[in-house]
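So that the names make sense, note that chain A is the first sequence line, chain B the second, and so on, each numbered from 1. Computed from heavy atoms alone, side chains included, the values below leave out hydrogens, waters and symmetry copies.
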Amino acid sequence: MDKRASVEQLVETIPDGATVALGGLSMNSAPMAYVREIVRQEKRDLTVVAIVAGMSVDWLIAGGCVKKIVSGLVSFEGLGLAPMFRMGVQSGRVEIEEYSEDLLICRLRAQAWNLPFVPTKAGLGTDLLPLHEQTGTIRVEVDGATGEHYVACTRLPVDVALVHAHSADELGNVRVDPKLIWMDNEIVNAAERTFVSVERYVNHSDVVAEPHRTTYPQFMVSGVALAEIGAYPTSCFPEYSHHNSFFQAYSAAASAPEEFKTFFADRVLGPETWDDFIKSSGGDEMITEIRRLSA
Amino acid sequence: MDKRASVEQLVETIPDGATVALGGLSMNSAPMAYVREIVRQEKRDLTVVAIVAGMSVDWLIAGGCVKKIVSGLVSFEGLGLAPMFRMGVQSGRVEIEEYSEDLLICRLRAQAWNLPFVPTKAGLGTDLLPLHEQTGTIRVEVDGATGEHYVACTRLPVDVALVHAHSADELGNVRVDPKLIWMDNEIVNAAERTFVSVERYVNHSDVVAEPHRTTYPQFMVSGVALAEIGAYPTSCFPEYSHHNSFFQAYSAAASAPEEFKTFFADRVLGPETWDDFIKSSGGDEMITEIRRLSA
Amino acid sequence: MTPEVEGYGCTVDELMVVAFSRAMDNDTRAFNGAVSFIPVCGYLLARRTHAPNLVWAAASIAIDANPVAIPESTLSDALWEGASMLSTSPHDFWSYASGARYNTFAFRGAQMDACGNVNNTVIGPYDKPKVRLPGGGGMADLSTMIPKIFLWNTTHNVRTFVEKLDFRSGIGWGDGGDHREQLGLPGGPQLCVTNLCVFDFHPDSRRMRVASLHPGVSIGDVQEATGFEVLIPDGDIPLTAKPTEEELRILREEVDPTSARLREF
Amino acid sequence: MTPEVEGYGCTVDELMVVAFSRAMDNDTRAFNGAVSFIPVCGYLLARRTHAPNLVWAAASIAIDANPVAIPESTLSDALWEGASMLSTSPHDFWSYASGARYNTFAFRGAQMDACGNVNNTVIGPYDKPKVRLPGGGGMADLSTMIPKIFLWNTTHNVRTFVEKLDFRSGIGWGDGGDHREQLGLPGGPQLCVTNLCVFDFHPDSRRMRVASLHPGVSIGDVQEATGFEVLIPDGDIPLTAKPTEEELRILREEVDPTSARLREF
């Protein structure tokens, strides 16, 4: 079955109100081509699951797509706070359901493994636990046999996982090259459907030539779409680095609401296709720069 | 710190009564050089943890080293039952603490993750659960929130993990090539100490050249020892296959106790070094054959 | 050699493979364990005939493998040829298995009971075994996780099909009725393909019921070879469907040219 | 630029790195998170001086990395150069972290309290934040698993060192005393290195106590910059030890030639 489609086609299948999990970590490997298209298609009321995120979540909030963020951390690291995330949460426009990395991973595993909960010692003694006392999504328990405290992390259902990778064949066998660095498999394993954006298509015979390098098997992947430099402005190890100047320009624009509106509409959403967006973000010269930084 | 030593030296550090976990699965990748040396050094009262095993466990029982087997399955697959395991358990000489694969993996994870238990649905409705009712190592629980049944798998402490791999550098960085196929990381993660036998040593610079291919970091490895064709007569994917005729000769000898005694003393334990054992098991001709079978 | 099947132009092993193959559909996502020649042949045959999208992970590892022949072990890496992925992480494997991404598993045992539970652990009392068998391996795991369970047995007799197992290594329909449901387990055994017949399971009691008889086998033969009461459907009991020439050709020439499946007989 | 340290021939950032480095021993097995320039410099300096066997996983991923310089992000893959392993499996990572294979972690936050608990989540009420911060990330995880916790802060003032956190994102000694022990958590915070002083923790109350003062800083300065009562040890309070010329040379020339650590000031 040919799983190839365009980013536009795949995003069209995501309904308003869906729970969407984003791959990548912080400044790295976020599925930005899908994220941009979600904003362009004006999806609404999404619950967005992102273990550790930054620009991806910020764009979705800027686009008004988000009802709730389920996350452990959203920032631009040393480049500052994620401005729309910060303002969205501060204003109460966006709800945040906050966990730590491991608590979120354990909830995703409970979902993937079809278990009522997965235990961890993460979060014990922190304020993350009272935060979820009412919903019970995570709860402190005491083991009957040893008296040890642990945190029971319940299932976290995910409708669609969006991840970026290096290559895929027509059947949807996906390779992260040279190996999976971030925790994308945790969301892929938990999700009903997974869409992958890839830097390039390869032939099925290339996949078969090195089957130990395949990261996701075709039956875990619902659709693949080509998006070159598809994680921009985040990185795609080891091929290209994140793009500092985009982050800086974005953060600078965010200090004035009107300026940001224009920046976001023109610079992020304006270009018709992902290729157009990459061209308008600096094109080959920019690509050369971010490739050099990662070499 | 140079972690290289001989198989003999490393086995000397294993005390009688230790809990020793064996890597590999069934006919594949068992740490046979260590196993043979344990028998030669006449270790006693070992508790042997092996998720799915065959010849490795059978040798240890033949050598009188084993007090208890903790396992999910011991056999020679299509080549029949593991004879010393079968007779040892039938006669009551060897105790068996039996689990399934996932129940055992979950116990190892509880140990590795320092959790009072790890839950799974594995084993529900089977006779494995009443088997452990008294010790409570695994127990059926009902989740308070959902009413779902699950099995709580408690910690399984392991003193020494023994695994076979393709290469290591002097610091003990280990590579399984092209990737880890079996579940050896589950025992490595749970064990106090890990000894690895390798087909070859490589320079540290080779490891650094492709760090994404390292399987175990040096700080998880207590010692490495060279043992060429070190998984014989089991396989070492993709380099060589298991050796059918050894399995057949072994099983044939096992049908008569005296014949087996001789076979085991002469053929298995007789040769002074591992290299001698490989030579006496067919040497280069045998090696050519098992390499060809796996190509 | 296995017996010829009267009038079918094939042997019993071939009939079993074809019966198994026909039970697979295009949404089957299966994997296999040790000594599983009949299911492996069945998956490969189904994929080459009516179920081209069938997913099969050789040895539970090599996804979409396409071996030129079946080797002497169904866990052997010789079976992994042509795979799209070596899926070796238990972490991911149990996710695929628990979420019904893999939806099909087949097992058998030294003993099977009317509800499709299986023993591969001991013959005789657990503490004083008459024969100590290998152990259940992953049976107890996968039988709780995978919704579509298929059983097979190449030696249908009163020692293998028993009223009461000496040990329940893997769960089928458990104690029958809604026992699996009560335990929160998905699906259950669908069919059991033997060298005499094909069983399905009564929808209420979840006990084995004859679905079809192999040519030359009577219902009396089946009952005589079975240690529990065999259920009989209303109406006529059909013959196990005849393999097509194309199925037999593909099985013999492409799937299993060395007849590795006979190792199970 | 950060201030010169009177008579030490170095700046405060350098003194902090050296103080951090000297707290590491040869059994340290550490890793780092985001914006962690002081610890990263400290691990690299310790490894090049008194702790050659120190293990450090750059960005928690690149074990035994040996970068020629420190890039603008301590999670950046530019930091991974020369590593022996890219250890990327969360499955294995949590094993290394839970079993004290990794035994050392350093974190800081927008707010820290007397018991070394840390807030990186919100300033103001959680539901109506004055400033919404990034969130705790892995702090709540690693602070419960790793026995040797080190804290640092480059902006020691009453807004960062507070009596009561607005949110506890990561646990230090918790409510103090034996709180960690009661929760079954290993170890706890060892030291907190700031731009004014080094704190250790009182062995009973587990509250911050001045262990050494940087040259030119008085105990009054520290108390004035701290929102909770600072404990004072019996006897004289030593000066934070003077870096050797060799330490400073290695830090400046080999570990961090581009002074990336100044990004924290």
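Panel note: side chain C:Asn120, backbone C:Gly136; no donor-acceptor pair is recorded below 3.5 Å.
Heavy-atom neighbours of chain C within the stretch residues 205-219 of chain A, taken at a separation under 4.5 angstrom, comprise A:Val207, A:Val208, A:Pro211, A:His212, A:Thr214, A:Thr215, A:Tyr216, A:Pro217, A:Gln218, A:Phe219. At a heavy-atom cut-off of under 4.5 Å, chain C is reached by A:Arg109, A:Ala112, A:Trp113, A:Asn114 from residues 104-123 of chain A, listed in order of number. Residues of residues 170-201 of chain A lying under 4.5 angstrom from chain C, judged on non-hydrogen atoms, are A:Asn173, A:Asn185, A:Glu186, A:Val188, A:Asn189, A:Ala190, A:Ala191, A:Glu192 by number. Applying a 4.5 Å heavy-atom cutoff, none of the residues of residues 159-168 of chain A approach chain C.
With chain A as partner, the option from C:Ser87, C:Ala97, C:Gly82, C:Gly99 having the largest number of non-hydrogen pairs under 4.5 angstrom is C:Gly82. When each of C:Met145, C:Arg29, C:Arg101, C:Glu81 is scored by its heavy-atom pairs under 4.5 Å with chain A, the top score falls to C:Arg101.
The closest side-chain donor-acceptor pair between A:Tyr150 and A:Glu148, if any, does not fall under 3.5 angstrom. Side-chain N/O atoms of A:Asn28 and A:Thr234 include no donor and acceptor closer than 3.5 Å.
Once rounded to the nearest 0.5 Å, the distance linking CZ of C:Phe107 with CG of C:Asn153 reads 12.0 Å. With rounding to the nearest 0.5 angstrom, the CG atom of C:Leu251 is 6.0 Å from the CG atom of C:Leu45.
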Problem set entry | C:Glu264 vs C:Trp152, side chain to side chain donor-acceptor pair (under 3.5 Å): CA-CA, chis, key distance, verdict | CA-CA 11 Å; C:Glu264 284 205 51; C:Trp152 84 100; 2.7 Å; yes
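A salt bridge links A:Glu141 to A:Arg139: one of the charged nitrogens lies within less than 4.0 Å of a carboxylate oxygen. No salt bridge links A:Asp16 with A:Lys43; every basic N to acidic carboxylate O contact stays at or beyond 4.0 Å. Using a 4.0 Å cut-off between charged side-chain N and carboxylate O, C:Arg180 and C:Asp175 make no salt bridge. The pair C:Glu14-C:Arg261 meets the salt-bridge criterion, with a side-chain N (NZ, NE, NH1 or NH2) lying under 4.0 Å from an Asp/Glu carboxylate O.
Applying the 6.0 Å contact sphere to CD of C:Glu181 captures no more than 12 heavy atoms from other residues, nucleotides or ligands. In this structure, C:Glu254 places its CD atom where more than 12 heavy-atom neighbours from other residues, nucleotides or ligands lie under 6.0 Å away.
The ring of C:Phe20 has its center closer than 6.0 angstrom to the ring center of C:Tyr43. For C:Phe105 and C:Phe150, the ring centers are positioned 6.0 Å apart or more.
C:Leu165 has its side chain out of reach of C:Val118: every pair of non-hydrogen atoms, C-beta onward, lies at least 4.5 Å apart. Between A:Val20 and A:Val49 the shortest side-chain heavy-atom distance does not fall below 4.5 Å. Looking at heavy atoms from C-beta onward, C:Val35 lies in side-chain contact with C:Arg108 at the 4.5 angstrom threshold.
Contact of C:Asp64 with chain A is made through the side chain alone, with heavy-atom distances under 4.5 Å. Both the backbone and the side chain of C:Asp92 come within contact range of chain A, with heavy atoms under 4.5 Å apart.
Note on ring orientation: taking the six-membered ring where Trp is involved, the planes of C:Tyr102 and C:Phe31 are tilted (angle from 30° to 60°).
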